[in-house]
2 protein chains.
Amino acid sequence: MAKKDSKILDKSTEEKIKSAARLLFQQKGFAATRTRDIAQESGINLALLNYYFRSKEKLFELIMMEALTGFFAVLKSVINDSNSSFEDKLDLLVETYITRLLVNEDIPMFILSEIRSNPKALLKVINAERLMIDSVFIHQLQKQIEAGVYKPIHPNHFLMNFMGLTVFPFVAKPMILHLGDGNETEFRKHLEERKRLIPIWIKALLNT
Amino acid sequence: MAKKDSKILDKSTEEKIKSAARLLFQQKGFAATRTRDIAQESGINLALLNYYFRSKEKLFELIMMEALTGFFAVLKSVINDSNSSFEDKLDLLVETYITRLLVNEDIPMFILSEIRSNPKALLKVINAERLMIDSVFIHQLQKQIEAGVYKPIHPNHFLMNFMGLTVFPFVAKPMILHLGDGNETEFRKHLEERKRLIPIWIKALLNT
DNA sequence: GTCTATATACGGATAGAC
DNA sequence: GTCTATCCGTATATAGAC
């Protein structure tokens, strides 16, 4: 934001450090990541890390903040749009998230595992609690249930099912590859298929 | 195994250390856990940790090994039992895992996040790859599909759906509590309900 | 087996030259 | 802004008395 007027496309030092930090923090978590490794990975010197970001912790908070806001930006914009139907939102959410996660597979594990050690981090970014449960999305679901389109279900179950089907494969990828017959490419192919399948499945669950 | 002849029920020092280590490693992961904290938590002295387990790493490997074998013991015994039907296995697996995880909620996150940094750890314990995909359980599913009882589905999708619905809530608990209306007790109540619901849902998916 | 004291290494952070 | 050299706290591990 500050010094982004540079006409050159080369990443600034600051950006190089952030990229490396993102990579390492997301792969290994805060505690297992060494600032020295971040420095090396970004091709700069260790001292510059502190010069730009003051401390490992500050740098981490920045990365986590950006990951969280990025992750929830989509969600927030979609689930409270009153111009689209429940079914539209369902399609859009699944499609958008799987697409994004396929280019950045480590995000869910990163967020979930780090939040476990520091749950307050969530509060800063998603100031609104009950973000999902109070959304237009869920209200529309309840309308549909009242109208008899779907069978009754508790919103929390719906939430668990929806997220479970969509993001769990990314969290459990190593295990799934090991238990199943999967190689990397098979895995990605299945995830692509799930963009289409999950909305269908979710509706099936809502009719059961 | 070695010195378990003690007639006293008090936990041995070795066992006290292991309990504390289990607690801390599972909550915070390997890198964020300090051996000093394990010592303090178990009420013994730091030196004893190395006396019994040689190093932090060795202790961790032991804890992880036990977690993995515990986690997969159930799975292995159930999925290759040829005397029970596909549907029986489904019920039993969901019931067993939710029950166990409700008393030890950190296990899935612990396994999944540590495996990410060290995927080879899996190989040691689950020497058999394709454990799931080559099981009687999955073969029975395919028989049912051939018989027209269920619609075709790729085993990997089935695996992702099954695990996603069952274990994801435990992995994402903090997020789910935050996004939903959940307090701790609601959460547990929903998980109890899911013992009954998930098998029904899975069958619904298999008919879609 | 259990403790206190300590060796040793490592990782985060800064001083200061350029 | 960027580097090298270094400080200093902390964490693992061990020595050695009891």
Side-chain angles (χ1 to χ4, degrees), chain A residues 1-65 113-114 117-118 121, chain B residues 1-65 113-114 117-118 121:
Chain A
M1 281 182 179
K3 42 205 275 300
K4 219 26 184 320
D5 337 292
S6 157
K7 282 157 198 146
I8 317 171
L9 280 185
D10 288 359
K11 273 195 276 189
S12 65
T13 301
E14 194 175 342
E15 200 49 53
K16 275 190 266 182
I17 299 174
K18 276 177 63 176
S19 299
R22 208 162 14 236
L23 186 74
L24 292 174
F25 280 143
Q26 289 181 4
Q27 272 178 13
K28 315 169 28 140
F30 175 78
T33 299
R34 318 276 156 236
T35 51
R36 281 172 162 80
D37 297 340
I38 297 177
Q40 180 168 19
E41 175 73 27
S42 50
I44 57 93
N45 191 275
L46 172 59
L48 281 178
L49 189 151
N50 292 290
Y51 174 77
Y52 279 104
F53 300 98
R54 188 76 190 161
S55 74
K56 177 188 178 184
E57 191 139 23
K58 288 259 190 301
L59 176 56
F60 177 81
E61 280 169 13
L62 182 66
I63 299 294
M64 174 56 87
M65 249 268 288
S113 70
E114 297 293 337
S117 25
N118 183 17
Chain B
M1 282 175 181
K3 44 203 273 308
K4 219 24 185 321
D5 338 289
S6 156
K7 285 158 197 146
I8 317 170
L9 281 184
D10 289 358
K11 274 196 275 189
S12 65
T13 301
E14 194 175 342
E15 200 50 53
K16 274 191 266 182
I17 298 175
K18 277 177 62 176
S19 298
R22 204 155 24 231
L23 186 74
L24 291 174
F25 280 143
Q26 290 182 3
Q27 271 177 12
K28 313 168 33 138
F30 175 79
T33 299
R34 316 279 154 235
T35 51
R36 282 173 160 78
D37 298 339
I38 297 177
Q40 181 168 19
E41 175 73 27
S42 49
I44 57 92
N45 189 275
L46 172 59
L48 281 179
L49 189 151
N50 292 291
Y51 174 76
Y52 279 104
F53 300 98
R54 187 78 190 163
S55 75
K56 176 188 178 185
E57 192 138 25
K58 287 261 189 300
L59 175 54
F60 177 81
E61 280 169 14
L62 182 65
I63 300 294
M64 173 57 88
M65 247 268 286
S113 69
E114 298 293 338
S117 23
N118 183 17

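Lettering of chains follows the sequences in order, A, B, ..., and the numbering in each one begins at 1.
- Once rounded to the nearest 0.5 Å, the distance linking CG of Leu46(A) with OG1 of Thr35(A) reads 5.0 Å.
- One atom, CD of Gln40(B), and another, P of dT4(C), lie 13 Å apart when rounded to the nearest Å.
- Here Ser42(A) contributes atom OG and Glu14(A) contributes atom CD; the two are 12.0 Å apart, rounded to the nearest 0.5 Å.
- Here the NZ atom belonging to Lys18(B) is positioned 8.5 Å from the OG atom belonging to Ser12(B), to the nearest 0.5 angstrom.
- For residues 27-46 of chain A, the pairs satisfying ring-ring contact (aromatic ring centres under 6.0 Å, His included) are Phe30(A)-Phe60(A), with sequence neighbours left out.
- For Gln40(B), there are no side chain to side chain contact (heavy atoms under 4.5 Å, CB included) partners two or more places apart in sequence or in a different chain.
- For the helix from dG1(C)-dC18(D) to dC18(C)-dG1(D), the end axes, each set by the C1' atoms of five terminal pairs, are bent relative to each other by 10° (nearest 10°).
- Atoms CG (Asp37(B)) and C1' (dA13(D)) sit 16 Å apart, rounded to a whole Å.
- Spacing between atom NZ of Lys16(A) and atom C1' of dG1(D) amounts to 12 Å, rounded to whole angstrom units.
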Under 4.0 Å protein heavy-atom contacts per nucleotide of nucleotides 11-18 of chain C, with B for base, S for backbone only and - for none: BBBBB---

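- Glu41(B) has no carboxylate O lying under 4.0 Å from a charged side-chain N of Arg22(B), or vice versa, which leaves the two without a salt bridge.
- Every residue meeting the side chain to side chain contact (heavy atoms under 4.5 Å, CB included) condition with Lys28(B), not counting sequence neighbours, appears here in chain and number order: Leu24(B), Ala32(B), Thr33(B), Asp37(B).
- Between Phe53(B) atom CZ and dG1(C) atom P there is a gap of 12 Å when expressed in whole angstrom units.
- The side chain to side chain contact (heavy atoms under 4.5 Å, CB included) test applied to Ser117(B) returns Glu114(B), not counting sequence neighbours.
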